[in-house]
Amino acid sequence: MQPITTKLVKWYDAHHRILPWRISPSERSQGKIADPYRIWLSEIMLQQTTVEAVKPYFNAFTKKWPTVARLAAASQDDVLRAWAGLGYYSRARNLKKCADIVSNLYDGRFPSETPDLKALPGIGDYTAAAIASIAFDRPVAVVDGNVERVITRLYAITTPLPSAKPAIRAKMQALTPSERPGDFAQAMMDLGAGICTPKRPACIICPVNDNCQALKTGEPELFPVKAPKKDKPVRLGAAFVAISSDNEIYLQSRAETGLLGGMAQVPTTAWTARIDGDTRIDAAPFPADWTPTGKITHVFTHFELRLSIYKADGIAARPGVGGWWVKVENLHQEALPTVMKKAIAAAIPDAFTKRRKPE
DNA sequence: GACGCGTGGCC
DNA sequence: TGGCCAAGCGT
């Protein structure tokens, strides 16, 4: 019987996904070489984010900024505007920082060894290994959520995550070949994404079902075992959509770090857990006829936000405290996170009616 | 090691 | 429908 590694690479040759940032085995045989810039960009975007969500952003970014030097020449605000909607905005801030370093200190060439890669902003254990493996053929263990699931099932590891991570990494390192380590890593991730899925895995067509200890238990879905998660608190607040007589709305910049750091917002109260369930308008950005116009709910990773939306129409004086006014039809050019688009849409239902993915 | 950090799709 | 999940990182 062939080893697991061999089976998976053969399976990858026959069944790999076609992705905008991927050089397939057949393309490589025709001389195509992986571009570390595109591998890096895709890996940053793919952190905790689905392939389908990433594709349009990846295409927009590479069209706008074909090289790391071009990305380094952009402003952080340009990058945040292009990233708006993709989430985890510290990734975009670190993306720009990393591009600056690679462009200026590394002469535009990404380092190929994992310690050097890990030293760059936004690149941790997983991403350093992925770039070293996929772009530079280094035989390092690439461990993401897919690999954790595949490995814990192959070996029926019952230790809960994250405690099991060292054991998972050791198993992955032992499987990783010196020939085509990048294709092997991508084979593990494609297997996890398409066959060895969290729910209802397709074990019947899995190329390594003979090797799977979890399948032998009869309940492969029970792997990986995870530590219980905490419940989400609810936070409350109010947001203020000011509309001028010229059909502009008032935006502000959020603080550079923390939640939605550097992104745009409409004025808002603090978001606090309160037992009275009420919000007040004494924190409005300027005096106006603030009218309740709806409520929105938005679920972040670690809390649920319920915002009461207030609207004021026909403001002529255009007062403000350090923000700016934007025509409603130009709102899509701003670095507005989804929660703020929801808040604005509560006051102006057709503000974002045209589907705006990136660009 | 635990926590802060977005968003959209799925059942 | 709401809880779960998706190619994690920084502190």
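Per chain, numbering begins at 1; letters A, B, ... match sequence-line order. Any value given below was found using the heavy atoms of this structure, including those in side chains, with hydrogens, waters and symmetry copies removed.
Taking a 6.0 Å sphere around CZ of A/R70, one finds it holds 12 or fewer heavy atoms contributed by other residues, nucleotides or ligands.
Regarding contacts with the backbone of B/dG6, every side-chain N or O of A/H298 stays at 4.0 angstrom or more from both OP1 and OP2. Between A/H302 and B/dC3, a side-chain N or O to OP1/OP2 separation shorter than 4.0 Å is absent.
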Treat primed atoms plus P, OP1 and OP2 as sugar-phosphate and everything else as base, then score nucleotides 4-11 of chain C 5' to 3': B for base contact with protein heavy atoms under 4.0 Å, S for sugar-phosphate contact only, - for none.
-SBBBSS-

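As rounded to the nearest Å, B/dC5 and C/dA6 have C1' atoms that lie 15 Å from one another. Comparing C/dA7 with B/dC3, their P atoms sit 23 Å apart, to the nearest whole Å. Comparing the same atom, P, in B/dG6 and in C/dT11 gives a spacing of 14 Å after rounding to whole Å.
A/F303 places its CZ atom 10 Å from the P atom of B/dT7, with the value rounded to the nearest Å. When the C1' atom of B/dC3 is taken as reference, atom NZ of A/K230 falls 8 Å away, rounded to whole Å.
Using a 4.0 Å heavy-atom criterion, one finds that A/V147 contacts no nucleic acid atom at all. Heavy atoms of A/G85 sit under 4.0 angstrom from primed sugar atoms or phosphate atoms, though from no base atom. Across all strands, A/L260 comes closer than 4.0 Å only to sugar-phosphate atoms, never to a base (heavy-atom distances).
Taking the ring centre of A/W40 as origin, the terminal cationic atom of A/R91 falls outside the region bounded by 6.0 Å and 45° from the ring axis. The cationic atom of A/K171 (NZ for Lys, CZ for Arg) lies less than 6.0 Å from the six-membered ring centre of A/Y155 and within 45° of the ring axis.
In the hydrophobic clustering, A/F223 connects to A/L222, either directly or through intervening members, whenever side-chain heavy atoms lie under 4.5 Å apart.
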